[in-house]
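Read through the structure below, which is laid out as structure tokens, and then see the notes.
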Amino acid sequence: MKILVMNCGSSSLKYQLIDMNDESVLAKGLCERIGIEGSRLIHRPTGKDRYIVDTDMPDHGVAVLLVLEALSDPEHGVIRSAAEISGIGHRVLHGGKTITQSCVIDQHVKDVIRECFDLGPLHNPANLIGIEACEAAMPGKINVAVFDTSFGMGMEPKAYRYAIPDRYYEEYGVRRYGFHGTSHDFVSHEALKYLDLDPEKGKVIVCHLGNGASISASVGGVCVETSMGLTPLEGLIMGTRSGDVDPAVVQYITNKEGWTVDDTLNLLNKKSGMQALSGVSSDFRDIEAAIYQGDEKAKMAMETYVHRLVKYIGAYNTVLKGADAIVFTAGVGENGPMVRRMVCEYLEFLGVKIDEDTNRSAFGKQVVLSTEDSSIKVAVIPTNEELAIARDTLKFL
Ligand code: ADP
């Protein structure tokens with residue numbers, strides 16, 4: 001059984017074809033600059049050479065057809081025809097207040113995705129375009145939507161409500177949703193298995209530290225807290241996002257600069273975070289290199305990042321009344337020994353102990369960092385959002 005996983009952005013389309021018999025990736029790729037001059041398809045079939053097609057892609061419909069051609073190309077393909085694809089799983093950003101889990105896409109689901117355009121203005125329209133392009137290119141196949149907000153729907157009102165009048169929740173859906181849900185869901189369930197925790201009661205804190213960063217607390221894989229809010233801006237310090245700020249900062253900067261609110265939010269989303277604090281880059285590889293060269297500003301940025309992170313871990317450990325495990329994932333979590341070490345050193349007072357040699361050599365692989373006598377297990381578990389989407393899709397086939 002082969003499942004095609006689609007992740008559509010406004011001008012891009014990422015895909016993976018996964019063989020669910022052994023969960024292996026048969027091919028993956030990317031269409032970039034869709035609707036813009038210079039569009040190209042980069043196709044990576046497993047075990048074969050990379051295949052690049054430079055051709056016009058005026059819209060996502062054309063891009064999907066090119067992906068199907070590449071997948072079934074006699075030389076570069078991995079299947080004979082699209083008939084071998086059993087179903088398509090789509091990453092969708094926002095499911096609003098009503099959708100709590102992955103579902104087969106029908107008119108109602110498409111209506112909800114459209115109703116949530118306001119809540120996910122950069123992603124939901126592109127996600128819907130991708131879905132409709134697949135429906136047109138492969139009529140009759142099951143399409144499944146896997147929402148980034150589903151995991152956060154596990155939260156109780158005491159965790160997801162903002163302390164503002166009911167009207168804004170009821171009429172406009174203003175609440176905390178949480179994002180990176182597919183990753184938090186996948187990694188927290190993997191942690192229950194890998195660390196041999198009680199599948200129903202195991203208490204896990206997942207630190208998803210990529211360009212975007214968020215943290216979640218779950219019990220038995222059900223989310224009880226997660227740091228992103230109405231939008232992905234809330235919570236941890238990220239590559240270019242500020243994370244938590246006093247909302248009055250928005251008013252203050254807007255007035256001082258003579259800007260609009262949108263201008264200030266653009267600043268907080270795209271020109272803040274580690275990029276602004278370090279003055280070096282939003283990329284942790286550059287920041288770590290600067291720290292090793294004695295750059296004080298980069299060092300301060302890293303300390304601020306870790307401070308925010310341990311503050312959240314402390315809060316979530318309390319919400320959980322004691323976590324069983326803390327797991328690091330995504331780009332920095334999987335490949336950043338410095339951040340992991342700084343966080344775990346901070347938590348020593350709680351009885352957390354890790355093996356620093358193991359930490360230093362842990363890059364992109366599943367590994368337990370904590371020692372036998374650590375009060376809380378600590379591990380690195382690589383995230384795999386595409387596999388999570390494919391697994392959810394399989395449930396409906
Ligand atoms: P995205 O949120 O875009 O999916 P990723 O999870 O791929 O992000 O994470 C990307 C980030 O991971 C990079 O910006 C970089 O900061 C970090 N990263 C990747 N490799 C390393 C490394 N070897 N050491 C430290 N940080 C790394």
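The shown structure was predicted, so the numbers you read here are calculated from the model rather than taken from an experiment. Atoms within each ligand, like the ligands themselves, are counted from 1 in listed order.
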With sequence neighbours left out, the residues meeting ring-ring contact (aromatic ring centres under 6.0 Å, His included) with Y312 are Y316
Is Y162 close to L230 at the side-chain level, that is, under 4.5 Å between some pair of heavy atoms? yes
Does K97 qualify as a cation-pi partner of Y160, given the criterion of NZ or CZ under 6.0 Å from the six-membered ring centre and within 45 degrees of its axis? no
Contacts of type side-chain hydrogen bond (donor to acceptor under 3.5 Å, both in side chains), residue N266, not counting sequence neighbours: none
Identify all N/O pairs between ligand 1 and the protein with a separation under 3.5 Å and present them as a table of atom names and distances.
residue  : atom   : partner : partner atom : Å
ligand 1 : 2 (O)  : N211    : N            : 3.1
ligand 1 : 2 (O)  : G212    : N            : 3.4
ligand 1 : 3 (O)  : N211    : ND2          : 3.1
ligand 1 : 6 (O)  : G331    : N            : 2.9
ligand 1 : 8 (O)  : N211    : N            : 3.2
ligand 1 : 12 (O) : V332    : N            : 3.4
ligand 1 : 14 (O) : N211    : OD1          : 3.0
ligand 1 : 16 (O) : D283    : OD1          : 3.4
ligand 1 : 16 (O) : F284    : N            : 2.7
ligand 1 : 24 (N) : N335    : O            : 3.0

Once ring-ring contact (aromatic ring centres under 6.0 Å, His included) is applied, do any residues pair with H94, and if so which ones, sequence neighbours excluded? Y177, F179
Do R360 and R341 have side chains that approach each other closer than 4.5 Å (heavy atoms only, starting at C-beta)? no
